[in-house]
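Quick notes on the structure that follows.
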Amino acid sequence: MKAFVIAAFLAVAFADPKVYLREQFDDGDEWKSRWVESKHKSDYGKFVLTAGKFYGDAEKDKGLQSSQDARFYSMSTRFNSFSNEGETLVIQFTVKHEQSIDCGGGYIKLFPGELNQEEMHGESSYNIMFGPDICGPGTKKVHVIFNYKGKNHLINKDIRCKDDEYTHLYTLIVRPDNTYEVKIDNKKVESGSLEEDWDFLPSKKIKDPEAKKQDDWDEREKIDDPDDSKPEDWDRSEHIPDPDAKKPDDWDEEMDGEWEPPMITNPEYKGEWKPRKIDNPDYKGKWVHPEIDNPEYTPDSNIYKYDSNGVLGLDLWQVKSGTIFDNFLITNDEKFAEEVGNETWGVTKDPEKKMKEAQEEEDRKKREEDETMKDEIKDEGEGEEEKEEDEEDDEDEEEEKNEEETDSNLKDEL
């Protein structure tokens, strides 16, 4: 029996990963035969295959890029439908907002196999929606939305997405023990329980509707000391006439009225008297509403499960286009997904950054050269103006000299 258990364990541990979808766009235009654009609307934005303006490898880093501003996008790819019952579900892909996105989605949707791809649209029922969403400085989050019994449920936690222009790897892991994990760039950024972090089920406990706080329940921790009394000399006015003030010599009571000294703060004023506080002998603490088991709560060990997963779609809106989607993977193996992430995003991230920095440096040098050229042209222009001014001055001096000679000649003749 023991040998059988060990053998079964080894079989599971070393089983080949199930790969339901792996799309890296490495076969040229053949992707067009695998991806279907929805015809639900006639003005959906177009995706193009490109590695973008900067990359690690011009061919390997090609992905689907949104190409038209202020458009909805709706395209999907189908794979053999499967149920994730009893096994881990891993969804992974890369996103590059090389356009420095201001408002738009970078997420995917996992649909059931019966989806009509040509009729896919924003209201089409999906199983899972996952990935980054950015709109202005206030929305920079990773969506993790599950459809449970016909209703979409958003995660109760805030997961911040990457908002730079580089490629990033997004991974969602859903396990058959109803736990989950979200990774960005192969590093865990969030994890927990499906039941606790989403509102799939009613609360386990509710406040007892029959319980009420007793009328004599005293929540005051401190009370006024009944034996404390105000001192007889306590009452003093807050302001008093200034004893050092004198009526001005030129004060005319008929004209100015009766003189009154100005008021000053009374140094003997003690403020409002309050009795000292003592511990309340009747204090019972803060009343806590007792809870009871919620009769409407029923545990569900299958929250994680979807009977049919068969289509992955890009159904989103972008104000500023330019996002590149690549390296789609759906599998049942967390370790395999991590390895694929390292082989794709992990390999390209540094060369991609190096290429972008080189482009930025080249742009900086070009701007400096342009500024230098502008300054030289400006200096030449100013030099020409000065030369023209000097020539005009010479001409004026010559004219004055000629006029003086003419005047002198006239005088000699006279």
Side-chain angles (χ1 to χ4, degrees), residues 17 19-32 34-35 46-67 73 75 77 79 90-101 104-108 130-134 140 142-143 159-173 181-189 312 314 316 318 320-331 333-364:
V19 179
Y20 301 106
L21 171 68
R22 187 169 183 180
E23 175 65 271
Q24 295 181 243
F25 305 101
D26 53 4
D27 55 356
D29 288 337
E30 290 300 313
W31 68 273
K32 294 179 180 178
R34 297 187 296 271
W35 288 76
K46 301 295 182 182
F47 282 108
V48 296
L49 187 66
T50 177
K53 295 178 288 187
F54 50 90
Y55 40 79
D57 187 290
E59 290 300 320
K60 292 181 180 180
D61 292 346
K62 285 183 177 180
L64 294 184
Q65 183 181 52
S66 57
S67 65
Y73 291 82
M75 182 172 280
T77 186
F79 46 90
V90 184
I91 303 170
Q92 183 169 280
F93 62 103
T94 57
V95 180
K96 178 169 70 167
H97 294 307
E98 71 170 21
Q99 77 277 40
S100 187
I101 193 168
Y107 43 80
I108 62 91
F130 169 65
D133 188 20
I134 296 174
K140 295 181 179 182
V142 177
H143 282 301
I159 307 175
R160 187 174 177 84
C161 67
K162 300 292 185 179
D163 61 353
D164 55 43
E165 299 174 13
Y166 296 106
T167 298
H168 291 286
L169 179 73
Y170 288 86
T171 309
L172 172 64
I173 303 168
E181 184 175 323
V182 175
K183 298 166 70 175
I184 300 179
D185 297 342
N186 261 343
K187 293 182 180 179
K188 182 173 70 174
V189 295
L312 182 139
L314 297 171
L316 44 87
Q318 288 199 338
K320 189 177 181 182
S321 63
T323 299
I324 298 177
F325 299 86
D326 196 7
N327 301 307
F328 295 102
L329 175 67
I330 299 178
T331 180
D333 192 310
E334 298 179 39
K335 185 64 177 176
F336 175 70
E338 182 176 335
E339 292 171 355
V340 171
N342 289 331
E343 293 168 2
T344 53
W345 165 83
V347 170
T348 197
K349 62 185 179 69
D350 291 335
E352 176 188 80
K353 186 176 182 181
K354 185 176 180 180
M355 183 176 183
K356 186 175 189 302
E357 289 174 347
Q359 290 175 351
E360 291 174 344
E361 178 63 18
E362 186 67 26
D363 291 342
R364 184 188 65 78

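Quick note: residue numbers are just sequence positions, from 1. What you see is a predicted model; the values in this text were computed from it and never measured.
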Could you tell me whether the side chain of [X] and the main chain of [Y] form a donor-acceptor pair under 3.5 Å?
X	Y	result
E98	K53	yes
K162	T167	no
K320	Q99	yes
E352	G56	no
T94	H168	no
D185	K187	no

Can you list everything that forms a side chain to side chain donor-acceptor pair (under 3.5 Å) with D57? Sequence neighbours excluded, please. none

If you draw the axis of the six-membered ring of Y55, does the NZ or CZ of K96 fall within 45° of it and under 6.0 Å from the ring centre? no

Nearest heavy-atom neighbours spanning [X] and [Y]:
X	Y	value
R34	D27	NH1-OD2, 2.7 Å
K62	D326	O-OD2, 3.0 Å
I184	C161	CD1-CA, 4.4 Å

Any side-chain donor paired with an acceptor under 3.5 Å for T50 and Q65? no

Is there a donor-acceptor contact under 3.5 Å linking the side chains of E23 and T77? no

D29: what forms a salt bridge (Lys or Arg N to Asp or Glu O under 4.0 Å) with it, not counting sequence neighbours? none

Please work out which of the three classes, parallel, tilted or perpendicular, describes the rings of F328 and W35, given edges at 30° and 60°. tilted

Between F47 and W31, does the ring centroid distance fall short of 6.0 Å? no

Test: R364 and E360 ion pair at under 4.0 Å: no

